[in-house]
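Written out below as structure tokens is the structure these notes cover.
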Amino acid sequence: EKNLGLLSTRQIELARMLIEEAQQHLFAHWAEPGIDDEKKKSFFDQVEKLDASYPGGLRSYIHNARQLLTDSKAGKNPFDGFTPSVPAGEVLSFGDENFIKFEEAGIKEACDAAFVLVAGGLGERLGYGGIKLALPSETTTGTCFLQVYVESILALQEASCKQNEGNVDRHIPLVIMTSDDTHSRTQELLKSNAYFGMKSNQVHLLKQEKVACLADTDANLALDPSEKYKIQTKPHGHGDVHALLYSSGLLHKWQISGLKWVLFFQDTNGLLFKAIPASLGVSASKDFHVNSLAVPRKAKEAIGGITQLTHEDGRRMVINVEYNQLDPLLRATGHVNGDVNDETGYSPYPGNINQLILRLGPYIEELSKTQGAITEFVNPKYKDSSKTSFKSSTRLECMMQDYPRTLLPSARVGFTVMDTWLAYAPVKSNPEDAAKVPKGNPYHSATSGEMAIYRAHSQILRKVGVKIEDPQVGIFNGQEVEIWPRIVWSPNWALTFLDVKKKLTGNCEISQKSTLVVKGANIHINDLSLDGALIVNAIDQAEVKLSPHVQNNGWIFEHVDYKDTSIPEEIRIRGFAIKKNDQTILTYDQPGKYCVQFHSVS
Ligand code: GDU
């Protein structure tokens, strides 16, 4: 009471609320007025911030925490009363008639979309010092994840506007959710690279705040161990993106300007945009309000499983069940072996890759009811079986893919399964953990993420008829991977199967040791024969027709050890560095028409 004079009216209200909610321990140690006054004020600045950044305020947070901690102590399962079963979704196969039809429909829709990238995570499992968006997706070109994403969105914008004449001025918005851990470095990455070609007002950064930690099962808020005038905080999870979008006012702006779709995606999947046109096409053709992208999933793989849950009372939903919950849920509902692979070699529950496509209208309607609050969970690590105290403080968490949980049964919720090689290669695990992954299961490492990009491009070219030599097997940082030719192209060269088919024609062959980089919107290659390294760069105003026969010593992989700190971290976490022995480089930086047929043998 004696310290109230230091506070604003709003802060006094919050102090009273904390006392009503039995949080007086937060002030028990406070000194007499005149001592530590600045710290006391900053304590309440923090309380105000915590209150403002949680839907319903800090009081709601405490109530929700109390309920979830009581349920957790009682061992209550969030899926009580629900029976899991395998849901039916749209299964696509790259390059077939259906796939091509959906890609075309998706390109048409893309200019009515906004993209939302959740990138507030620090990537503790990867253990990389920088932000993950700045990590090279592959080291042949060194293009970082954020650049791949931005260039893909710009290429979609260009292709879609062309298909929808009259819409040429549409700039597809990109929202990036950051956190205190990633915000300034994300801003810096964008600014120092001129937004990778986007207009600066096309990109919006929304920073998520952390939430208060909980010290015990009574939901007493935890003080920071190193600062007694501060509440300890931890990340609340990627589910925050919905509340942030809602409060930013962007959704209404988008609706007014005629947008129809919001696409959510994550920080390190170099393949994702290969799957976007077709999956957006599925959303549009099936009129889905929610469409989750999925891939075949190995049992117990660390990605959530898309599951149909049917309640005893008749409710039914198709939802992601997180990987640590799927196995126990199956065991508790009569599947004695839990989550196991079936005769296809995969779990029958498709893997959620957390790429969500939401129809904007119904999304806004739902958020107007919930303010973007997402079903939360708590995951306390108890000291012992009495479940009275925790090993360390905990907090409530939420996941963006839990958005459909509160939807009415009438909502059109579906999912689309794509080939893994085409759609999903995240970079999440450090070399040590990746090396321990059982053989046959994905590593999700920087090594496998890069190799997957080469494999995807090689497979796509095989599908359009290019002869690609079989891959070799290599072991880097203890992980066995397939090494395909290092083929990389810019998104504006080709976005869809038909783009590739149109731009690479005739009899083409590429040897395993080759590197092929194609950057530019108007490069046509016919009768390519490549055994070495060929790099083609052209500005959009250069129309280039090539028939190259190239043979040289090319670029090779040299082993490096992830423990060798003399090598930059973004390289050594892959276990290899590229040595450039020899290459043919073709650059067209002046507008014009070029028709070039050449043999280059060295
Ligand atoms: N993220 C935030 N804020 C947070 C936590 C994470 O923005 O507070 C972002 C990360 O930057 C990243 C994304 O959310 O872009 C996902 O984070 P993780 O990669 O740590 O996610 P997980 O591997 O734990 O799991 C998520 C889903 C799974 C599965 C998997 C697929 O929860 O169901 O889909 O991604 O990659």
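These values consider heavy atoms only, across backbone and side chains, with no hydrogens, waters or symmetry-generated copies. Whatever order the structure lists them in is the order used to number ligands and atoms, beginning at 1. Remember, it's a predicted structure, so these values are computed and weren't measured experimentally.
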Please check if any side-chain donor atom of Tyr54 sits under 3.5 Å from a side-chain acceptor atom of Asn64, or the reverse. yes
For ligand 1, would you mind listing the residues that have at least one heavy atom less than 4.0 Å away, ordered by chain and number? Val118, Ala119, Gly120, Gly121, Arg125, Met177, Gln208, Pro235, Gly237, His238, Gln266, Asp267, Ile303, Gly304, Asn320, Glu322, Tyr323, Asn352, Ile353, Asn354, Met399, Gln401, Tyr424, Lys428
Please tell me whether Tyr363 and His289 form a close aromatic pair, meaning their ring centres lie under 6.0 Å apart. no
So does Lys230 have more than 12 non-hydrogen atoms from other groups sitting under 6.0 Å from NZ? no
Sequence neighbours excluded, the answer for salt bridge (charged side-chain N to carboxylate O under 4.0 Å, His left out) partners of Asp419 is none
Please tabulate, for the side chains in residues 131-140, all donor-acceptor contacts under 3.5 angstrom to protein atoms that are two or more places apart in sequence or on a different chain.
from, atom 1, to, atom 2, distance (Å)
Lys132, NZ, Val427, O, 3.3
Ser137, OG, Thr143, O, 2.9
Glu138, OE1, Thr140, N, 3.0
Glu138, OE1, Thr141, N, 2.9
Glu138, OE1, Thr141, OG1, 3.3
Glu138, OE2, Thr141, OG1, 2.5
Thr139, OG1, Glu450, OE1, 3.2
Thr139, OG1, Glu450, OE2, 2.7
Thr140, OG1, Tyr454, OH, 2.8

Applying salt bridge (charged side-chain N to carboxylate O under 4.0 Å, His left out) to Lys286 and not counting sequence neighbours gives Glu90
